[in-house]
Number of protein chains: 2
Amino acid sequence: MDNDERVIGIKDVAKAANVALATVDRVIHNRAGVSVKTKVKVLKVIKQMGYKPNIMASNLSKSKKIVIGVLLPNISEGSGYWEFPMQGILKAKKELAQYNIKIKTYTFKQDNNKEIRKKILELINSDIQGLVLTSKFADEIEILLEDCKQKNRPYVFIDSNVRKIDALSSIHQPLFESGELAAQLFNYCFNKGEILVLHLKKTMDTEGIISLKEKGMNAYLKENNNAITTKSLVLTDFNEDAISGVLFKTLKENPFIKGVFIPNSKVAYIAKYFEKRGGDKIYLIGYDFFREDIEYLEKEIIDFLICQRPEEQGYQAVFKLFEHLVLKKEVEKEIIMPLDIITKKNYKYY
Amino acid sequence: MDNDERVIGIKDVAKAANVALATVDRVIHNRAGVSVKTKVKVLKVIKQMGYKPNIMASNLSKSKKIVIGVLLPNISEGSGYWEFPMQGILKAKKELAQYNIKIKTYTFKQDNNKEIRKKILELINSDIQGLVLTSKFADEIEILLEDCKQKNRPYVFIDSNVRKIDALSSIHQPLFESGELAAQLFNYCFNKGEILVLHLKKTMDTEGIISLKEKGMNAYLKENNNAITTKSLVLTDFNEDAISGVLFKTLKENPFIKGVFIPNSKVAYIAKYFEKRGGDKIYLIGYDFFREDIEYLEKEIIDFLICQRPEEQGYQAVFKLFEHLVLKKEVEKEIIMPLDIITKKNYKYY
DNA sequence: CTGAAAGCGCTTACAG
DNA sequence: CTGAAAGCGCTTACAG
């Protein structure tokens, strides 16, 4: 299993093929300037001897750095969700600094189209060799993707709902299934009643994502428990009073509501209302885990959060680009994150 | 933030300190043969210039390999649990092969003390520079640990219930809290009744682990719902008929049992019985996720599994030794794994 | 106690 | 199209 024999290197290949080191190097990297005859000969020897390049040596002698660009919303606003992928990206950055990898981040305000366009132009005119981004701005980024394609720059999506065929890799959570999971959890909490599905609209949350989750939920209920139904409600105003008003009215008119499903990362807004409200227990399930959720998890106002390891998504995205650019490895076209379930009793270890 | 200036190396330090390269190297690695005066001078310059060694170059020029030993039960028997840490270890092995890291595995049959002793002796007489093991064989491994201590060989525990002060790191799941979590989940399933805690005894499962989980469960119930009580039962015979007999009798005599808690990885044994049994739904919660559980998850006979990322534990253990031995990094003394919750609807992505 | 030099396995101009 | 040589930033004998 472990062979402790001397590892064969480019020098051995050169000798065996009766060519110079530089020629072997040219063949390995598929560079121009080698006769077909020589190339075939060298490739044959490489295969025969089982030559594997030494990445450490390769990197050491390589002069230029590899720069990976990151295009994501900035973290100081909105749901704060993007803080987590960014943490993973920074972790990868630290680890990969050894390999001459640089990370350049381009952040923007989510609803500032002018700024987004500016960052896209910067990226197009930059010297990056790979790109991490999210697919939630389909309209804005198409031109950037087109540019990447032309320049043969690989890009990786994180938190992307769609699988982009031209991407090196797309990292995402299974949306439909997460809706099923939420339904299953509600079904453990009560046997009959109604689930209120709250669509809290904001720039970033495309309706596609939310509706896919809702479809998953309905599919589960249809198959497993017809005594639980769902009812959708769209909220556009996030003002505390507005939320209170709407929820008070809705719950009063629909006394069978036993659970509330918030298919994005805004549960805390809703939990705030339920903290003050009396009456029968109403179960709350939402997405993503933030500091402000802890209080409500502890009080079991929020019962379950479905999470998608945003930090790991960021880390993986950079790492996959590294594997592709430096290690020349095959990279999975699609990486599906687990559906993590967070409750009062396990959030501390997440 | 990114400084693209030339990175300063050992050569720059040598020049600035007015000494030879070799001397700087000696100081960096704290090797003997440097006058105090020179050492102080060099250290000062290193600090001043912010010198960071280049690991790739360091590794490239280093001649000897680093060998990490792994002492774990073999995977072809029992619960098969150890297959997962081993997978993580193999993943780390592949990744770290670049760094001249070798992994030597020493596996044994769980209940074969003679073989365990033999492997321990092999390890003592081996040339390993680090060790991964599990703390579940406290009696057998004490002498090995003592030997490691004397030889200054770092070791990392995985799946360890105790925090060993001399270990480089201990990787484990929070046991008490996992019991609390199980109780919380049961509490979502029913409001009153009894939970049967099944102790399935086998060599590897120390009573300490199981009782800690049970204590966590009781603590949660005491605090949150007095209408749910627990009842313990010890099973020593895993024969299908024996299990059927005991369970039939117990459930008949205790009609208020609404849930069964199996605080180790043997849920499937019990699920088998419940598959055939009629009557009211009884909720099942167990630990760890195996292929044979899938069938029962799908049928919702097993409701929840609490998992501790065994694969990641194996990976991390090797990686932490790598960080310590090669990168000379600080390593956390204790790494606590998240309490993952697996159900019918998310196991596919785990 | 200190230093000069070779070498790790590649890549990169440069020369032919 | 091909090769000889210098160099990446360290470590390792060897000499003094």
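Throughout, protein chains are lettered first and strands after them, A, B, ... in sequence-line order, and every chain is numbered starting at 1.
- In this structure, A:N54 atom CG and D:dC10 atom P are separated by 16 Å, rounded to whole Å.
- Atom-to-atom, CD1 of B:I8 to P of D:dC8 comes out at 15 Å; the value is rounded to the nearest Å.
- Between the OH atom of B:Y155 and the CG atom of B:L168 there is a distance of 10.0 Å, given to the nearest 0.5 Å.
- A:L60 places its CG atom 18 Å from the P atom of D:dA6, with the value rounded to the nearest Å.
- Between A:I10 atom CD1 and C:dC10 atom P there is a gap of 6 Å when expressed in whole angstrom units.
- Atom CE of B:M86 and atom CD1 of B:I103 lie 10.0 Å apart (nearest 0.5 Å).
- Here D:dG9 presents its C1' atom at 13 Å from CG of A:N59, a figure rounded to the nearest Å.
- Counting to the nearest Å, the C1' atom of D:dC8 and the CE atom of A:M56 are 13 Å from each other.
- Atom-to-atom distance recorded for A:I165:CD1 and A:E334:CD is 9.5 Å, nearest 0.5 angstrom.
- Nucleic acid contact for B:K52: sugar-phosphate only, since backbone atoms but no base atoms lie under 4.0 Å from a heavy atom of the residue.
- Across the protein-nucleic acid pair, A:D12 atom CG and C:dG7 atom C1' stand 15 Å apart, rounded to whole Å.
- Residue A:Y315 is tested with A:Q87, A:K320, A:R309, A:E95 for a side-chain contact (heavy atoms from CB on, under 4.5 Å); the sole match is A:E95.
- Atom NZ of A:K104 sits about 4.5 Å away from atom CG of A:D127, to the nearest 0.5 Å.
- A salt bridge does not link A:K333 with A:D166: none of the charged nitrogens is closer than 4.0 Å to a carboxylate oxygen.
- A donor and an acceptor atom sit less than 3.5 Å apart, one in the side chain of B:S61 and one in the base of D:dC10.
- B:T134 contributes a side-chain N or O that, together with a main-chain N or O of B:I158, makes up a donor-acceptor pair within less than 3.5 Å.
- With 3.5 Å as the limit, one finds a donor-acceptor pair spanning the side chains of B:D159 and B:Q308.
- The side chain of A:S35 lies closest to D:dT2, out of C:dC10, D:dT2, D:dC10.
- Distance, A:N100 CG to D:dC10 C1': 15 Å, rounded to whole Å.
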Provide a list of protein-nucleic acid N or O atom pairs under 3.5 angstrom, restricted to nucleotides 3-5 of chain D.
residue : atom : partner : partner atom : Å
D:dG3   : OP2  : A:A20   : N            : 2.9
D:dG3   : OP2  : A:T23   : OG1          : 3.1
D:dG3   : N7   : A:R26   : NH1          : 3.4
D:dG3   : N7   : A:R26   : NH2          : 3.4
D:dG3   : O6   : A:R26   : NH2          : 2.3

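- Where pairing requires Watson-Crick or G-U contacts shorter than 3.5 Å, the helical stems of DNA chain C with at least three consecutive pairs are C:1-3 with D:14-16, C:5-12 with D:5-12, C:14-16 with D:1-3.
- Contacts of A:K151 classified as salt bridge (Lys or Arg N to Asp or Glu O under 4.0 Å), with partners at least two apart in sequence or in another chain: A:D147.
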